Amino acid sequence: MPTNTWNRFQQHLCHCPEIGLWLDISRMKFDDEFLSRMEPSMQQAFDAMLALEQGVIANPDEGRMVGHYWLRSPALAPTPEIRQQIESTVDRIESFTADIHTGRISAPGNKTFSKLLIIGIGGSALGPQFVADALGSSTDKMTPYFLDNTDPDGMDRVFSQIGDLSDCLVIVISKSGSTKETRNGMLEAQAAWQRSGLDFSKQAVAITGDGSELDKLALAEDWITRFPMWDWVGGRTSVTSAVGLVPAALQGLDIRALLKGAQVCDQITRSRITTFNPAALMALMWHHATDGCGNKDMVMLPYKDRLLLFSRYLQQLIMESIGKELDLNGKPVCQGLTVYGNKGSTDQHAYVQQLREGVHNFFVTFIEVLQDRQGSSMQVEEGVTSGDFLFGFLYGTRQALSEKGRESLTITVEQIDTATIGALIALFERTVGLYASLVNINAYHQPGVEAGKKAAGAVITLQKKVQAFLAANADETSPEKIANAIGATEQIETVYAILRRLQHR
């Protein structure tokens with residue numbers, strides 16, 4: 001390696017031994033003048049993050065604080081009451097988990113619960129799914145399954161995989177308790193339990209907001225227990241709350257280690273020395289790569305099977321946080337950062353051809369894991385293991401992209417364990433917050449999501465009108481006539497789609 005290249009590598013490698021993590025930004029084509037120019041904005045971003053952690057109202061649409069960082073450092077909470085709620089909830093989760101695992105709380109017929117069905121959507125499923133898949137093993141205390149959509153066939157597949165429902169504990173997760181996809185999943189599960197001659201309420205747990213529809217239902221039906229979802233924790237940053245901790249603990253994972261990994265990463269990424277702060281450096285590289293306006297996509301390439309779902313989790317965390325029409329001053333900016341990804345070396349046989357030689361509309365984030373597996377690896381060639389090939393594919397791909405002027409970041413971690421997963425979650429949460437400040441947007445509200453929910457509700461309302469009309473006019477098949485008859489003249493296309501759907505329902 002030429003001396004100037006080696007020097008650049010050394011200068012732009014951030015090592016965080018406390019969490020066993022390295023961030024290499026040497027393959028990003030920025031100059032030091034960029035770092036100097038951005039430093040005042042970076043310091044302002046640190047100020048905004050400090051205010052967030054101190055309890056400023058960060059979601060003005062709903063008048064809410066944003067406190068996911070308090071979840072792993074309760075002492076930072078702005079009131080003693082919030083600190084006590086966080087600490088007591090983690091204690092309750094551990095106590096409840098012990099009762100389930102030891103059989104003090106048992107399934108019908110005095111069985112020990114061995115399976116776990118999590119019903120949620122968005123942040124209420126993506127985070128728990130990622131953690132479960134990344135850390136699951138054959139020694140898990142309970143096997144997790146997920147209902148994370150309102151697709152009937154998808155739900156049938158999950159129920160088929162579960163098989164016997166009598167030893168399956170159900171966790172229903174919804175802050176408002178009225179999220180349609182989650183409610184539908186719960187109703188489908190209740191019907192499945194009834195078909196099996198089981199009392200759903202004796203196997204159900206709710207994670208929800210105090211006084212929500214779900215909270216009231218769980219209380220009225222005497223579910224096993226309820227855990228809180230606080231209004232100051234957004235769905236996409238809820239994985240270190242009860243949303244992620246309850247499923248993880250029941251699966252058999254060490255939730256204290258998960259929280260500790262996140263806490264240590266939070267502490268490191270509070271550093272105001274930009275070059276010592278991996279989240280600050282990542283935020284700056286996102287800004288550099290996309291010209292601060294989302295001009296390029298981020299391709300996530302984790303070279304580890306256990307991190308396959310990380311890109312899916314990050315899609316919501318990043319795109320829901322960064323994809324905003326207006327900036328903090330109300331100016332239209334249409335910000336965003338598109339995320340997609342596969343895994344190495346599967347990507348070698350999928351889309352690296354386009355990344356290297358096709359349209360240059362992306363930058364890459366590689367993730368390298370130093371530990372191949374628990375125990376030693378066999379040699380597939382003399383002196384070479386399967387893991388050595390994985391390493392070779394990662395650095396070969398990085399070099400091949402670099403030769404064509406494609407930029408990349410590389411995150412290296414020592415191993416995949418519970419603390420490391422906590423640290424990765426915290427690293428990207430902090431990066432999102434800092435980047436949002438750099439581009440002057442609010443990362444903590446989601447008006448577009450709410451608009452989508454309202455539009456979906458309007459379609460269901462229209463369908464009910466069509467069905468009512470057809471009940472009295474069964475022979476009518478013209479979408480135009482039906483639309484006119486029910487006062488939906490501007491929605492003929494949707495009426496046609498409804499009619500087609502009703503024929504195949």
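As a basis for the values below, the full set of heavy atoms in this structure was taken, side chains included, without hydrogen atoms, waters or symmetry mates. The structure displayed is predicted, hence computed values, not measured ones.
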Original post:
Partners of R64 by salt bridge (charged side-chain N to carboxylate O under 4.0 Å, His left out), sequence neighbours excluded?
Top reply: E62

**OP:** Enumerate the residue pairs fulfilling salt bridge (Lys or Arg N to Asp or Glu O under 4.0 Å) with a member in residues 290-311, sequence neighbours excluded, ordered by first and then second residue.
**Re:** D305-K343

**OP:** Please list, chain by chain and in numerical order, all residues satisfying ring-ring contact (aromatic ring centres under 6.0 Å, His included) with F46, sequence neighbours excluded.
**Re:** none

Subject >> For F389, all residues meeting ring-ring contact (aromatic ring centres under 6.0 Å, His included), sequence neighbours excluded >> reply: none

Original post:
Would F428 and F310 count as a close aromatic pair, with their ring centres under 6.0 Å?
Top reply: yes

Original post:
Looking at residues at least two apart in the chain, or sitting in another chain, which of them share a side chain to side chain contact (heavy atoms under 4.5 Å, CB included) with S238?
Top reply: V233, S241, V243

**OP:** If a pair satisfies side-chain hydrogen bond (donor to acceptor under 3.5 Å, both in side chains) and one of its residues is in residues 280-290, list it, with sequence neighbours excluded.
**Re:** H288-E407, T290-Y435

Subject >> All side chain to side chain contact (heavy atoms under 4.5 Å, CB included) counterparts of D47, not counting sequence neighbours >> reply: R272

Original post:
Listed by chain and number, what are the ring-ring contact (aromatic ring centres under 6.0 Å, His included) partners of F96, not counting sequence neighbours?
Top reply: F227

Subject >> All ring-ring contact (aromatic ring centres under 6.0 Å, His included) counterparts of Y145, not counting sequence neighbours >> reply: none

Subject >> Pairs where residues 85-97 contributes a residue and the test salt bridge (Lys or Arg N to Asp or Glu O under 4.0 Å) is met, not counting sequence neighbours >> reply: R83-E87, D91-R256, E94-R256

**OP:** Output all residues satisfying salt bridge (charged side-chain N to carboxylate O under 4.0 Å, His left out) with R373, sequence neighbours left out; order by chain, then residue number.
**Re:** none

Subject >> Those residues that, when tested against D148, pass salt bridge (charged side-chain N to carboxylate O under 4.0 Å, His left out) (two or more places apart) >> reply: none

